[in-house]
Amino acid sequence: MNLKGRDFLKLLDFTSEEILYLLDLAAELKNKKKQGIPVDTLRGKNVALIFEKTSTRTRCAFEVAAHDLGMGSTYLDPTGSQIGKKESIADTARVLAGMYDGIEYRGFEQSIVEELAKYSKVPVWNGLTNEFHPTQMLADLLTIREHFGFLKGIKLTYMGDARYNMGNSLMVACAKMGMHFTACTTQKYFPAKELVEECEKIAEQTGGSITLTEDAMTGTKDVDVVYTDVWVSMGEPDEVWEERIRELSPYQVNKKIMDNAGEKAIFMHCLPAFHDLKTKIGAQMGERFGITEMEVTDGVFESEKSVVFDEAENRMHTIKAVKAATL
Ligand code: CP
Ligand code: NVA
């Protein structure tokens with residue numbers, strides 16, 4: 001398997017075998033890190049990290065992975081560069097590619113990261129766009145495989161806004177790996193028809209399946225993984241909170257949902273999560289709408305079924321694998 005020079009923009013661009021290769025490489029790098037065996041084979045290289053939206057996990061994962069591999073990194077924050085304001089994406093790509101060996105981009109439309117890659121002669125990695133979050137997928141697949149020992153046949157249900165980056169990406173990831181994906185939400189929040197059809201075609205080949213349902217109980221019955229994400233994503237206007245809380249509350253992951261899922265089911269969330277009032281936005285929403293939790297209850301979040309912090313750690317090992325494989 002040779003992924004040298006490849007961009008990492010969305011899982012649709014990769015075969016199931018290539019994804020498995022990245023997962024195996026991540027597992028190997030994780031193992032070595034735990035044993036204190038250094039893997040700094042990319043010494044002397046440098047990477048640029050563009051963040052037009054904020055981040056904790058993705059930024060830290062990209063920086064630590066770069067450092068572990070022996071590379072330098074430059075973080076460009078949402079306000080501190082010329083990108084988009086005084087300099088086009090095409091120009092930025094050519095400037096950065098002259099100084100760096102790889103470029104990470106987190107921001108808005110998928111078309112921006114695709115354009116960056118088009119004009120960059122070095123690999124570009126998608127650190128989240130409105131449509132896709134592919135590095136998160138590798139971490140999630142690794143976490144699921146660590147937990148159950150395999151991926152093929154695993155039943156995963158996503159609850160909440162399934163037409164955005166997380167719902168889209170999980171549907172693609174499940175289809176690619178022969179897993180059974182269910183989007184459990186109201187019709188308005190189902191993933192786009194064209195993407196559903198594309199994933200159904202992939203699932204036909206891999207033995208997976210795609211299901212869309214509005215019924216929270218049917219959608220989570222006996223599943224292995226219950227997954228959710230925030231109801232309002234970065235970059236969305238404040239005005240949508242009221243509507244989202246009203247429309248997505250029936251799909252909150254709570255004890256009833258986890259009891260309905262398989263006996264050994266796990267709870268997953270890409271994080272950050274609104275599971276209590278201990279954040280500024282959580283507290284504001286609590287006051288405005290008289291709620292104490294949103295997409296997941298604190299009980300489920302803190303329960304033994306929750307693997308969210310394993311998932312977060314795996315962001316670093318999998319991002320390291322993407323860099324090691326493509327550089
Ligand atoms: N899951 C995730 O991408 O987290 P950050 O927004 O903190 O990077
Ligand atoms: N859907 C969320 C994911 C955060 C990792 C967002 O885009 O804000």
Side-chain angles (χ1 to χ4, degrees), residues 8-11 26 47 49-66 73 75-78 104-110 112-113 125-144 158-173 183 185 188-192 195 225 227-238 240-241 244-245 247-248 251-253 267-275 278-282 285 294-296 301 306-320 322-323:
F8 190 75
L9 306 179
K10 55 188 184 302
L11 282 199
V47 293
L49 313 176
I50 306 171
F51 282 82
E52 296 206 280
K53 289 177 179 168
T54 51
S55 167
T56 296
R57 276 145 293 273
T58 311
R59 175 190 175 176
C60 295
F62 267 97
E63 289 200 12
V64 172
S73 63
Y75 171 69
L76 295 157
D77 76 14
E104 179 274 356
Y105 174 85
R106 163 173 288 201
F108 298 89
E109 287 79 25
Q110 180 72 16
I112 302 174
V113 78
W125 310 299
N126 178 359
L128 177 145
T129 58
N130 294 349
E131 292 88 342
F132 294 112
H133 196 3
T135 61
Q136 179 75 48
M137 292 309 104
L138 294 181
D140 293 346
L141 291 172
L142 182 66
T143 309
I144 295 168
Y158 179 84
M159 305 188 82
D161 184 358
R163 63 191 176 168
Y164 215 66
N165 44 28
M166 287 305 302
N168 288 345
S169 302
L170 284 164
M171 180 166 69
V172 174
T185 186
K188 174 175 164 185
Y189 297 99
F190 283 165
L195 187 62
V225 181
Y227 203 120
T228 192
D229 179 21
V230 288
W231 288 338
V232 177
S233 286
M234 288 183 277
E236 295 197 285
D238 259 1
V240 300
W241 273 106
R244 293 289 165 81
I245 290 173
E247 292 172 345
L248 295 176
Y251 303 96
Q252 179 192 63
V253 180
F267 168 71
M268 297 183 77
H269 191 309
C270 54
L271 304 182
F274 290 120
H275 58 95
K278 293 178 193 155
T279 63
K280 215 163 141 188
I281 296 176
M285 295 309 146
M294 281 194 252
E295 72 273 11
V296 56
F301 186 88
S306 171
V307 299
V308 295
F309 298 111
D310 296 336
E311 243 181 304
E313 181 193 323
N314 282 338
R315 296 298 307 286
M316 200 285 285
H317 305 298
T318 44
I319 282 171
K320 192 188 279 182
V322 170
K323 287 175 170 173

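Note that the numbering runs from 1 along the sequence shown for the chain. Read the numbers this way: they start at 1 and go in the same order the structure lists the ligands and their atoms.
Applying the salt bridge (charged side-chain N to carboxylate O under 4.0 Å, His left out) criterion to Arg244, with sequence neighbours excluded, gives Asp161, Glu236. Contacts of Tyr158 classified as ring-ring contact (aromatic ring centres under 6.0 Å, His included), with partners at least two apart in sequence or in another chain: none. Residues passing the ring-ring contact (aromatic ring centres under 6.0 Å, His included) test with His275 are Phe301, sequence neighbours excluded.
Residue contacts with ligand 2 for Asn165 involve side-chain atoms from C-beta outward but no N, CA, C or O (heavy atoms, distance under 4.0 Å).
Of all protein heavy atoms, the one lying nearest to atom 8 (O) of ligand 2 is Met234 N, 2.8 Å. Scanning the protein heavy atoms around atom 1 (N) of ligand 2, the nearest turns out to be Asp229 OD2, 2.6 Å. The closest protein non-hydrogen atom to atom 4 (C) of ligand 2 is Leu128 CD1, 3.9 Å.
Of the N and O atoms on the side chains of Tyr227 and Asp140, at least one donor lies less than 3.5 Å from an acceptor on the other residue.
The structure places OH of Tyr189 at 10.5 Å from OH of Tyr251, a figure rounded to the nearest 0.5 Å.
Checked by distance only, ligand 2 and Arg106 stay at 3.5 Å or farther apart across all their nitrogen or oxygen atoms.
For Arg59 and Phe51, the positive end is not near the middle of the six-membered ring at less than 6.0 Å and at most 45° from its axis.
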side-chain contact (heavy atoms from CB on, under 4.5 Å), that's the test. Do Leu248 and Thr185 meet it? Break it down for me.
CA-CA 7 Å; Leu248 295 176; Thr185 186; 3.4 Å; yes

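Between Leu170 and Gln136 the shortest side-chain heavy-atom distance does not fall below 4.5 Å. Two residues are said to be in side-chain contact when any heavy atoms from C-beta on lie closer than 4.5 Å; Ile281 and Trp241 meet this criterion.
At a 4.0 Å heavy-atom cut-off, the residues surrounding ligand 1 are Ser55, Thr56, Arg57, Thr58, Arg106, His133, Gln136, Cys270, Leu271, Arg315, listed by chain and number.
Heavy atoms of Leu271 come nearer than 4.0 angstrom to ligand 2 in at least one pair.
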